[in-house]
2 protein chains.
Amino acid sequence: MKIINAITALSALAQETRLEIFGLLVQVGAEGLPAGQIGERFGLPFPTLSFHLSHLKRSGLIDCRREGRSLIYSANYKNMNKLMTYLTENCCQENPAGCDLPAVCESK
Amino acid sequence: MKIINAITALSALAQETRLEIFGLLVQVGAEGLPAGQIGERFGLPFPTLSFHLSHLKRSGLIDCRREGRSLIYSANYKNMNKLMTYLTENCCQENPAGCDLPAVCESK
DNA sequence: TTCATATTTCCAGAATTATATAAATAACGT
DNA sequence: ACGTTATTTATATAATTCTGGAAATATGAA
């Protein structure tokens, strides 16, 4: 993953509405939810919702498929995982023992 | 971790200069680096550097200690880890098998 | 082909964030 | 105390991002 993609993903998540939407979609799983239900859940006007969904979509953190009149959004776990990996890459090369990122660094 | 703290941390990382600074500090380890050396590395004017360091500091992702005239900045692995945990919490409860976040979810 | 539903795009104003010059603060050596 | 080094704070401008009303697009139903 390139730094520019990491920044895009991080800034997609660095906003309350989007982080909440993403959290919801992560919990919901691959099935996803139609845009309308997401907006309803958080009381968002349509253009605001659409702005945030397209931001998340552009970042690759969520996917979108059409089902009839609805657009169904769902978390993209693969890209989320790439972001996680990027953030812990090259971690604490000087001193792995002093590092506190268990998932990635305790295996070093 | 509360959502507000996650957002603060994510927005600290969602900017090229800060993500580069953080990446450097993560690699350097607990020893850290003086502000001056960080600024030199990226060719940043002092106020710009200071703005970004204080942003990262405020987020908890880096720490700062004084050594003589220098302020030494270093990665805070503990808080980085909390952010990672927050992002994968409650992941794919519907269908763990379909989830692609190995570090966190394959153990479910 | 007209109507209703679902959602997006266009747009403009509001809010936030980033940048860098100049001035201030902090610590050390003389 | 004074000068030097290291860094921050104050401040202003520039750039980016967020918000929501109005209009546009896409799909399906009658």
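Note that the structure is predicted; figures quoted are calculated from it, not measured. So that the names make sense, note that chain A is the first sequence line, chain B the second, and so on, each numbered from 1. Hydrogens, waters and symmetry mates are skipped; everything else that's a heavy atom, side chains included, is used.
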Strictly under 3.5 Å: I want the nitrogen or oxygen pairs between protein and nucleotides 9-16 of chain C, one per line.
none

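- Put simply, CZ on Arg66(A) is 8 Å from P on dT7(C), counting in whole angstrom units.
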Stepwise side-chain contact (heavy atoms from CB on, under 4.5 Å) test for Asn79(A) and Asn5(A): CA-CA 10 Å; Asn79(A) 286 336; Asn5(A) 299 315; over 6 Å; no
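- Nearest nucleotide to the Gln15(B) side chain, out of dA27(C), dA18(C), dT8(C): dA18(C).
- One atom, CZ of Arg65(A), and another, P of dA6(C), lie 17 Å apart when rounded to the nearest Å.
- When side chains are defined from C-beta on, Leu87(B) does not count as touching Val26(A), because their heavy atoms never get closer than 4.5 Å.
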Full working for side-chain contact (heavy atoms from CB on, under 4.5 Å) between Leu13(B) and Leu83(B): CA-CA 11 Å; Leu13(B) 295 177; Leu83(B) 175 61; 4.1 Å; yes
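- Under the 3.5 Å distance criterion, the side-chain polar atoms of Arg18(B) are left unmatched by any main-chain donor or acceptor of His52(B).
- To the nearest 0.5 angstrom, Ile3(A) atom CD1 is 10.5 Å from Thr8(A) atom OG1.
- With a heavy-atom cut-off of 4.0 Å to chain B, the contacted part of DNA chain D has its first and last nucleotide at dT4(D) to dT9(D).
- With rounding to whole Å, His55(A) atom NE2 is found 15 Å from dT8(C) atom P.
- To the nearest 0.5 Å, atoms CG (Leu53(B)) and NE2 (His55(B)) are separated by 11.5 Å.
- Here the side chains of Met84(B) and Met80(B) are in contact, with some heavy-atom distance below 4.5 Å.
- Residues Tyr73(A) and Leu56(A) fail the side-chain proximity criterion, which asks for heavy atoms closer than 4.5 Å.
- Residue whose closest nucleotide on DNA chain D sits further toward the 5' end, between Arg69(A) and Pro45(A): Pro45(A).
- Between the CD atom of Glu16(B) and the C1' atom of dA18(C) there is a distance of 13 Å, given to the nearest Å.
- A straight line from CD1 of Ile72(A) to P of dA6(C) spans 11 Å, rounded to a whole angstrom.
- In this structure, Tyr86(A) and Leu10(A) have side chains that are not in contact, with every pair of non-hydrogen atoms separated by 4.5 Å or more.
- Straight-line distance from the NZ atom of Lys57(A) to the P atom of dT8(C): 10 Å, rounded to whole Å.
- If you measure from atom CG of Leu49(A) to atom P of dT8(C), you get 7 Å, rounded to the nearest angstrom.
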